[in-house]
Novice: 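The structure is given below, and queries will be raised subsequently.
We name chains A, B, ... by the order of the sequence lines, and we start the count at 1 in each one.
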Protein chains: 2
Amino acid sequence: MANDTKQLLLEQGMAMLLRQGYHDLGVAQLLEATSIPKGSFYHHFKSKEDFGLQVIDRYMEEVHGGLDHCLGDQTLPPLQRVRRFFEMTEEKYRGEGYLGCLLGGLGQELSGISEAFRKKVEWCFSEIARRIACCLDEAIERGELSANTDTHTMAQLLINCWEGAALRTRLQRDPAPLRQMLDFYFRSTSA
Amino acid sequence: MANDTKQLLLEQGMAMLLRQGYHDLGVAQLLEATSIPKGSFYHHFKSKEDFGLQVIDRYMEEVHGGLDHCLGDQTLPPLQRVRRFFEMTEEKYRGEGYLGCLLGGLGQELSGISEAFRKKVEWCFSEIARRIACCLDEAIERGELSANTDTHTMAQLLINCWEGAALRTRLQRDPAPLRQMLDFYFRSTSA
DNA sequence: TGACTAAATTAGACCGGTCGGTTTGTTCCG
DNA sequence: CGGAACAAACCGACCGGTCTAATTTAGTCA
């Protein structure tokens with residue numbers, strides 16, 4: 001079905017964009033990998049840029065799924081839920097060969113030359129931070145964090161430090177930076 | 001002189017690679033910006049990839065200069081020297097329009113498709129971390145850090161968290177992530 | 001000090017290949 | 001039957017790199 005074609009392109013596009021980045025991945029290469037003709041590609045997507053932006057949307061669906069799953073787990077205290085989300089993300093990175101974060105990659109590559117991508121990626125990070133901040137608010141209520149914690153800032157910090165660790169993980173093909181970052185952040189944050 | 005030409009290409013290349021990344025910057029565009037003919041480019045550089053790797057070398061000269069300047073300042077205690085280095089880097093970012101870090105950008109864009117770039121960028125980060133770890137060793141000696149601090153890991157963490165903040169700074173064109181990260185790191189690290 | 005030579009550097013036209021996107025046509029599905 | 005989806009040839013533009021030629025620079029020698 002038509003929707004299968006579009007989803008296949010988005011899924012394969014996510015994987016290939018993660019490894020190669022935006023400019024190194026040509027439309028032709030993606031189509032060769034999926035055995036889909038170019039007419040179909042331009043039927044579903046207005047342009048390559050449109051495709052890239054929709055890949056990000058598709059990616060965020062998965063991220064929000066993961067956030068729903070972890071932050072919604074009432075059997076764990078809030079801080080552990082937040083940490084669990086990142087541990088699951090690390091497992092996802094392992095399945096991909098420790099290539100880091102798609103958002104970080106596209107944001108880094110394109111935010112100097114495309115306002116559409118800069119705004120979209122920044123909005124995505126802000127959305128993730130907003131959801132984490134909500135969970136940190138609950139941690140304050142539960143006494144896990146001191147009452148004067150600026151949860152918005154702490155959530156942004158968590159995202160930022162994770163993205164830096166994700167870059168080094170991509171460079172080293174090793175998850176150690178992710179673990180060190182989580183250990184440091186949660187050790188420094190607990191009440 | 002010939003060396004002037006090469007240095008001009010490297011300087012201009014640094015600036016343009018920071019904004020646009022590797023693949024979006026064509027050799028012709030760089031040559032148009034510098035009014036240098038293509039024959040000269042390929043006289044000084046074996047290839048575009050060779051050029052990119054030499055830009056990184058040139059960049060690291062500046063980084064080591066900044067490290068020499070800050071970490072060698074005996075009028076400040078060690079932790080403040082380290083922090084000063086990053087504050088100076090933030091000022092450099094301001095001059096560039098808050099476009100983040102060249103190493104982070106190239107590492108993110110190219111480390112999935114070029115072993116030469118992946119190794120070079122990773123080596124650069126390791127070098128910076130090594131020098132910062134030396135200064136953190138001195139902070140232990142001075143009592144600024146507890147004796148059981150793993151300075152190698154703390155130095156890597158500092159680099160990683162900074163790179164994540166640099167990405168967000170690039171996305172937002174705002175230094176707030178850098179400052180928040182430094183405040184958090186040094187507040188959590190002091191003895 | 002000037003002439004000469006070789007090497008270094010500059011100059012830019014040209015190349016084959018690939019790019020993103022368009023166009024025309026065919027097939028499928030509701 | 002018409003619109004959606006698929007199909008693939010084709011296009012102009014641009015890519016990294018090569019090649020041949022011209023100019024400049026540096027070294028040597030009388």
Novice: When the distance from CZ of Phe41(A) to P of dT22(C) is rounded to whole Å, what number comes out?
Specialist: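 About 12 Å, once rounded to whole Å.
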
Novice: Taking only N and O in the side chain of Thr5(A), is any of them less than 4.0 Å away from OP1 or OP2 of dA5(D)?
Specialist: no

Novice: When you group the ILVMFWY residues by side-chain heavy-atom contacts below 4.5 Å and let the links chain together, are Met88(A) and Phe186(A) in the same group?
Specialist: no

Novice: Return the value, rounded to whole Å, for the distance between atom CG of Asp4(B) and atom P of dT25(D).
Specialist: 11 Å

Novice: What's the closest nucleotide to the side chain of Tyr42(A) if the choices are dT10(C), dA4(D), dT22(C)?
Specialist: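 Side chain of Tyr42(A) sits closest to dT22(C).
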
Novice: Run the salt-bridge test on Glu127(A) and Arg130(A) with the 4.0 Å N-O cut-off and return the result as yes or no.
Specialist: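 Here Glu127(A) pairs with Arg130(A) in a salt bridge, since their nearest N and O are under 4.0 Å apart.
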
Novice: Atom CD of Glu49(A) to atom P of dC19(C): distance rounded to whole Å?
Specialist: 18 Å

Novice: Salt bridge check, Arg19(A) against Asp24(A): does any charged N sit closer than 4.0 Å to a carboxylate O?
Specialist: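 Looking at Asp24(A) and Arg19(A), the cut-off is not met.
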
Novice: Give me the ring orientation class for Phe184(B) and Phe184(A): parallel if the planes are under 30° apart, tilted from 30 to 60°, perpendicular past 60°.
Specialist: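 Judged by the thresholds at 30° and 60°, the geometry between Phe184(B) and Phe184(A) is perpendicular.
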
Novice: Let me spell it out: for each of His43(A) and Gly39(A), pick the nucleotide of DNA chain D with the closest heavy atom. Which residue's pick is nearer the 5' end?
Specialist: His43(A)

Novice: Answer yes or no: is there an ion pair linking Arg142(A) with Glu138(A), defined by an N-O contact shorter than 4.0 Å?
Specialist: yes

Novice: Using whole Å, report how far CG of Asp24(A) lies from P of dC19(C).
Specialist: 9 Å

Novice: Nearest to the Ser47(B) side chain among dC6(D), dG17(D), dG21(C), which nucleotide is it?
Specialist: dG17(D)

Novice: Return the nearest nucleotide to the side chain of Lys38(B); candidates are dG16(D), dG21(C), dT10(C).
Specialist: dG16(D)

Novice: With nearest nucleotides of DNA chain C determined for Lys46(A) and Gln29(A) from heavy-atom distances, which residue corresponds to the more 5′ nucleotide?
Specialist: Gln29(A)

Novice: Between dG17(D) atom C1' and Leu31(B) atom CG, what is the distance in whole Å?
Specialist: 12 Å

Novice: Distance check needed: dT9(C) P versus His44(B) NE2, whole Å only.
Specialist: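 To the nearest whole Å, that distance equals 6 Å.
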
Novice: Between dA13(C), dA7(D), dG20(C), which nucleotide gets closest to the side-chain atoms of Pro37(A)?
Specialist: dA7(D)

Novice: Please report the distance, rounded to the nearest Å, between NZ in Lys6(A) and C1' in dA4(D).
Specialist: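 Rounded to whole Å, this separation is 13 Å.
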
Novice: Considering only dG21(C), dC6(D), dT10(C), which nucleotide approaches the side chain of Lys48(A) most closely?
Specialist: dG21(C)

Novice: Without decimals, in angstroms, what is the distance between Glu32(A) CD and dT18(C) P?
Specialist: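 Atom CD in Glu32(A) sits about 11 Å away from atom P in dT18(C).
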
